[in-house]
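One structure below.
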Amino acid sequence: MTKTILVTGATDGIGLLTAQKLAAQGHVVLLHGRSAAKLDAAKHAVGGTSQTYRADLSSISDTLSFSDAVAADHSQIDVLINNAGVLKTASPRLPSGQDIRFVVNTFAPYVLTKALLPIIPSDGRVINLSSAAQAPVNAQAMRGGITMSDMDAYAQSKLAITIWSQEMAKTLPDGPVVIAVNPGSLLASKMVKEGFGIEGSDLSIGADILCRLALDETHANDTGKYWDNDAGRFTAPHDAASDPRQIQTVMDVLGELQTS
């Protein structure tokens, strides 16, 4: 059955390869990116009936406009893959004072998912990119009150997306399925090359698990779980993901987002 699948951060790395694999299976793939030129190149690389959407996920208002554009074009999104992420950048502080890692890696996918839930069917799926790098979240850091190193900000943002994934799943007992996933450590993405100065492992390791979690019937009831692709199975994320105080911190800050 042909599905309509939205992939954020689809102009390179795991996102682009995942989009290519999904399109090759005959699915309609919606590609998100920040650059018009890169989106054009991605559309050519993915082929099929792919469509493109340009949006800057470091802006909540742009993220909402993006969701509006998708909903205007499509009455149903079967799978949302929140893949876009930031580790290292020359300007980690946004004009708002917030850290771009929290905004792009945690806030934007939350806002986008909430906005698109009305057109994601009960048997649909939301796949959220987490990481093996997870660290306890500081509420002040989430709000932009603390300057952090690249890895500290990244690891906290990835625990935060893991937490809201499991919490959102609890509010959706009838679906769609919400799964957080570490697609594999140190894969050959632009992020890894820029952040760690290494080539990394085969991107297909990550793209293949995203396709499986998005489509395989074996995962139709795995909502609220965390897949660790380094272990090759569902497992427990960082201990802080089960700490009621950490959960409250993350969900409180998300609740403060201005989305009107």
Side-chain angles (χ1 to χ4, degrees), residues 3-23 27-35 38-39 41-43 45-46 50-58 62-63 66-67 70 77-87 89 100-113 115-116 120 124-133 154 157-158 160-162 164-165 168 176-195 200-215 219 226-229:
K3 295 183 180 294
T4 300
I5 303 172
L6 172 57
V7 184
T8 69
T11 57
D12 58 33
I14 297 173
L16 177 57
L17 185 56
T18 300
Q20 289 175 306
K21 288 176 177 285
L22 293 169
H27 300 293
V28 176
V29 185
L30 312 184
L31 311 170
H32 156 266
R34 286 185 304 157
S35 161
K38 288 184 177 181
L39 276 170
K43 181 176 174 62
V46 171
S50 60
Q51 295 175 251
T52 61
Y53 293 87
R54 184 182 178 189
D56 182 355
L57 299 187
S58 70
D62 217 33
T63 301
F66 169 33
S67 68
V70 171
I77 300 296
D78 298 292
V79 182
L80 168 59
I81 301 178
N82 284 308
N83 164 74
V86 176
L87 166 59
T89 177
I100 194 171
R101 274 68 63 104
F102 276 112
V103 178
V104 174
N105 301 352
T106 307
F107 298 165
Y110 179 79
V111 168
L112 182 63
T113 302
L116 292 178
I120 302 177
R125 299 188 194 176
V126 177
I127 309 300
N128 289 332
L129 270 286
S130 182
S131 170
Y154 181 80
S157 73
K158 288 303 184 179
I161 194 173
T162 304
W164 78 244
S165 298
M168 183 177 286
V177 164
V178 184
I179 297 173
V181 53
N182 161 33
S185 295
L186 301 177
L187 302 181
S189 65
K190 178 182 176 183
M191 181 186 296
V192 165
K193 291 173 185 177
E194 291 180 349
S201 304
D202 185 0
L203 277 178
S204 288
I205 294 170
D208 287 345
I209 189 57
L210 294 187
C211 292
R212 281 172 46 200
L213 293 174
L215 298 172
H219 298 304
Y226 167 74
W227 180 277
D228 181 1
N229 212 30

side-chain hydrogen bond (donor to acceptor under 3.5 Å, both in side chains) filter on W227, not counting sequence neighbours, yields N229

What I'd like to find out is whether the side chain of D78 reaches to under 4.5 Å of the side chain of H27, using heavy atoms alone. no

Any chance you could measure I100, atom CD1, to T89, atom OG1, to the nearest 0.5 Å? 5.0 Å

In the structure I gave you, are the side-chain heavy atoms of L80 and T113 within less than 4.5 Å of one another anywhere? yes

Judged by modelled atom types alone, do N83 and T18 share a side-chain donor-acceptor pair under 3.5 Å? no

Taking the side chain as every heavy atom from C-beta outward, state whether S204 and K21 have any atom pair closer than 4.5 Å. yes

Parallel, tilted or perpendicular: which describes the rings of W164 and Y110, with under 30° parallel and over 60° perpendicular? perpendicular

Can you confirm whether V103 sits close enough to V86 that some side-chain heavy atom of one is under 4.5 Å from a side-chain heavy atom of the other? no

Could you grab the distance from atom CZ of R34 to atom CG of L57, nearest 0.5 Å is fine? 8.5 Å

Taking side-chain hydrogen bond (donor to acceptor under 3.5 Å, both in side chains) as the definition, give me every residue that meets it alongside R101, ordered by chain and number, with sequence neighbours left out. D99, D150

Taking the side chain as everything from C-beta on, heavy atoms only, tell me whether V7 gets closer than 4.5 Å to L210. no

Taking side-chain contact (heavy atoms from CB on, under 4.5 Å) as the criterion, tell me which of I81, V104, L112, L129 meets it with T8. L112

For K43 and S50, indicate whether the former's side chain and the latter's backbone hold a donor-acceptor pair under 3.5 Å. yes

OG of S67 to CG of L6, rounded to nearest 0.5 Å, is 10.0 Å

